[in-house]
Amino acid sequence: MANRTTFIGGNWKMNTDAQGGIQLAQTLASGFQRDAGVDVAIYPPFVYLRDIAAKLGGSGITLGAQDAYFQPNGAFTGEVSLDMLKDCGVSSVLTGHSERRHVVGETDLLVNKKTRAALDAGLQAVLCIGETLEQRESGKTDAINEHQTRAGLEGISKDQLGSVVIAYEPVWAIGTGKTATPEDAQDAHAKIRELIATMYDQQAADAIRIIYGGSMKPGNAAELMAMPDIDGGLIGGASLKADDFLSIIRAGQAHQV
Ligand code: 13P
């Protein structure tokens, strides 16, 4: 069986304020046991990254950004470059989150450009994929996952794939309290891993971490992560409560040993 380090990400989305965000980061930094064999990253809003970086220093928690633009600089009003994020201490970036695909309107092509740019800049990319409720009900889950995975990874070498985490986040499970059953999530993850084997090779498929997102919380994290192809979680709502997020991290640690 492949030996993959569990990855737990906390996507804060457009939540917290300066004081609350810093407090949350500080509580996580003091509560996290860095030698416990789990990779943990948090993705606060852009504007708090620098202050939060100062609080995370030495904790072992990775600082990530929820998005990044693919161009290095120029006339791109409102956008944030990867070098700017690196200046703030960021080393991981979410790409293709469903809220960016479905609320902001990002295309597969843009998601691919951002993913490639993040990797070219030496950052980790967490590529998010997943089907909507309508797509699920019409039996298109696997086709959507395949399409978004192929499109998102277009032009990415096997070497670069080592810095990619895939987050399977069924859109209907995000922020709804509805979670995919461990069996349904496992089935989707196993198919994504098989796809990686056909796109790259078995070694790449065995190595890549595929994490689950969508209403993951302390009460369901352990059973989801117990599945053989679920290598961690990307957590929204529950990552805003330090106790809940730390409890999910502990569930990941238990799974790791
Ligand atoms: P929730 O955990 O709030 O469902 O959000 C999941 C998510 O979108 C993480 O990126």
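In this chain, residues are counted from 1 in sequence order. Start at 1 and go down the list; that is how both ligands and their atoms are numbered.
No side-chain donor from either of Gln66 and Trp12 sits under 3.5 Å from a side-chain acceptor of the other. Of the N and O atoms on the side chains of Asp108 and His147, at least one donor lies less than 3.5 Å from an acceptor on the other residue. For Gln19 and Tyr48, the side-chain atoms include no donor-acceptor pair closer than 3.5 Å.
Looking at atom 2 (O) of ligand 1, its nearest protein heavy atom turns out to be Gly236 N, 2.9 Å. Nearest non-hydrogen protein atom to atom 3 (O) of ligand 1 is Gly237 N, 2.8 Å. Nearest non-hydrogen protein atom to atom 5 (O) of ligand 1 is Lys13 NZ, 3.2 Å. With hydrogens left out, the protein atom closest to atom 9 (C) of ligand 1 is Glu169 OE2, 2.8 Å, a heavy atom.
Within ligand 1, counting atoms from 1 as listed, the ones closer than 4.0 Å to a heavy atom of His97 are 7 (C), 8 (O), 9 (C), 10 (O). Listed by number with element, the atoms of ligand 1 under 4.0 angstrom from any heavy atom of Gly175 are 1 (P), 3 (O), 4 (O). Each of the atoms 4 (O), 6 (C) of ligand 1 lies under 4.0 Å from some heavy atom of Gly214. Residue Ser215 has at least one heavy-atom neighbour below 4.0 Å for each of these atoms of ligand 1: 1 (P), 2 (O), 4 (O).
Between Tyr69 and Phe76, the angle of the ring planes lies from 30° to 60°, which puts this pair in the tilted group.
Among the candidates Lys114, Arg101, Lys113, the single residue satisfying the salt bridge (charged side-chain N to carboxylate O under 4.0 Å, His left out) test with Glu106 is Lys114.
Using a 4.0 angstrom heavy-atom cutoff, Ala173 counts as in contact with ligand 1.
Surrounding NZ of Lys178 are at most 12 heavy atoms belonging to other residues, nucleotides or ligands under 6.0 Å away.
At a heavy-atom distance under 4.0 Å, only side-chain atoms of Asn11, from C-beta outward, approach ligand 1.
Residue Ala238 has no nitrogen or oxygen atom sitting less than 3.5 Å from a nitrogen or oxygen atom of ligand 1, judged on distance alone.
Between Asp187 and Lys191 a salt bridge is recorded (basic side-chain N to carboxylate O distance below 4.0 Å).
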- After noting the C-alpha distance and the side-chain angles of Met225 and Tyr212, does the key distance pass the side-chain contact (heavy atoms from CB on, under 4.5 Å) rule? CA-CA 8 Å; Met225 287 190 275; Tyr212 170 82; over 6 Å; no
